[in-house]
Amino acid sequence: MTVRSAGAAPGNRVPPHSLELRCAEQCIDLSMPRIMGILNVTPDSFSDGGRYDALERALAHAWEMVEEGAAVIDVGGESTRPGAAEVPEDEELRRVVPVVRRLAQELPVPISVDTRRAEVMRQCIAEGAGMINDINALQEPGALEAVANSSVAVCLMHMRGQPRTMQEAPHYSDVVKEVLTFLRRRLRRCEVAGVGAERIVLDPGVGFGKTPEHNLALLRATPQLLELGCPVLIGVSRKSLIGALLGGVEVEKRLFGSVGAAVAAALAGARLLRVHDVRATHEAVQVAWAVRANTNGESDER
Ligand code: 8Y7
């Protein structure tokens, strides 16, 4: 494993984190920015054909994203969009566990599970998930222990408030400082519980209780976030930030803006990009990465 420990002054291109993320039995090579493909298994994907059909469609979509360049697939059964209502735990389990079981058996890449619940984490880890993506940074009872008793990777994300209400006038006196302090604390808690920095990814949580200005400040602060010593994940795909920056374009028309934001995040130091549009983002990032001068013997893949 390659561990780099040089400082992360802005413009320093040597990331101060491991270039490999261990995900239980698998591994994600972070020598260049990688794509996390989003796989939603939320109600509308059950509306026709029932659960069997939904499972087959989820598999097909996941395979498509892998063929398009995804290095990890993020399965989510609870809508965490602003304003979304909570899904009961038994329903989340029914949606997610069968999909994770099949994906872990069949796909060549690690499976990440987007959940806040310890029981969902435990069952998905038992079925072969390699990563937990927790928008609540393992703050639910039992969540930290569920991850500590395994060898999966975990993404700790910052969120202000709860999805249902988080976009109601979010206020910070210094958003960068507050997010950094939160993530530093959660990182320490993880380390004390036995979840070492080598399996942690940090995420400022674009759009989770933040205005467009907050989001931009956080994206620009990626080098500071990297100083905490973990890889950074950014999710901006189709989010309202893109709409706001493009004068209010609707969600179906945010592809080009989303790709631009992903490339910018990658060049700022993010090594995992959570996206809906895998091929477009992967190709744009590969080209941007090749153009970026390579002075540190890092992967020059294309
Ligand atoms: C993010 C996320 C969502 C993100 C991480 C959406 C589950 C909202 N966004 N997880 N999840 N980071 N780690 O629009 O930005 O995709 S859901």
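Just so you know, these numbers come straight off a predicted model, no measurement behind them. Both ligands and their constituent atoms are indexed starting at 1 by order of listing.
For atom 16 (O) of ligand 1, the closest non-hydrogen atom of the protein is R274 NH1, 2.9 Å. When only non-hydrogen protein atoms are considered, atom 4 (C) of ligand 1 lies nearest to K239 NZ, 3.4 Å. With hydrogens left out, the protein atom closest to atom 17 (S) of ligand 1 is T80 OG1, 3.3 Å, a heavy atom.
Contact atoms of ligand 1 toward D114: 7 (C) (distance under 4.0 Å to a heavy atom of the residue). Within the listing of ligand 1, atoms 15 (O) sit less than 4.0 angstrom from a heavy atom of G235. Within ligand 1, counting atoms from 1 as listed, the ones closer than 4.0 Å to a heavy atom of D203 are 4 (C), 5 (C), 12 (N), 13 (N), 15 (O). Less than 4.0 angstrom separates some heavy atom of N133 from each of these atoms of ligand 1: 5 (C), 7 (C), 10 (N), 13 (N). The L233 neighbourhood of ligand 1 comprises atoms 12 (N), 13 (N), with distances under 4.0 Å to a heavy atom of that residue. Against a heavy-atom cut-off of under 4.0 Å, C155 is close to the following atoms of ligand 1: 13 (N).
Nearest heavy-atom pair, A70 versus V109, reported as atom, atom and distance to 0.1 Å: O-CG1, 3.7 Å. Contact detail for L246 and G257: the closest heavy-atom pair is CD1-CA, 4.1 Å. For R189 against L144, the heavy-atom pair with the smallest separation is O-CD2, 3.9 Å.
Residues N133 and D74 bring a donor and an acceptor atom of their side chains to less than 3.5 Å of each other.
Checked against the 6.0 Å centroid criterion, the rings of F208 and H158 do not qualify as a close aromatic pair.
Listed for the R117 side chain is no donor-acceptor partner under 3.5 Å among the backbone atoms of E119. Listed for the Q167 side chain is a donor-acceptor partner under 3.5 Å among the backbone atoms of K210.
Of the heavy atoms in I135, only side-chain atoms (C-beta onward) come closer than 4.0 Å to ligand 1.
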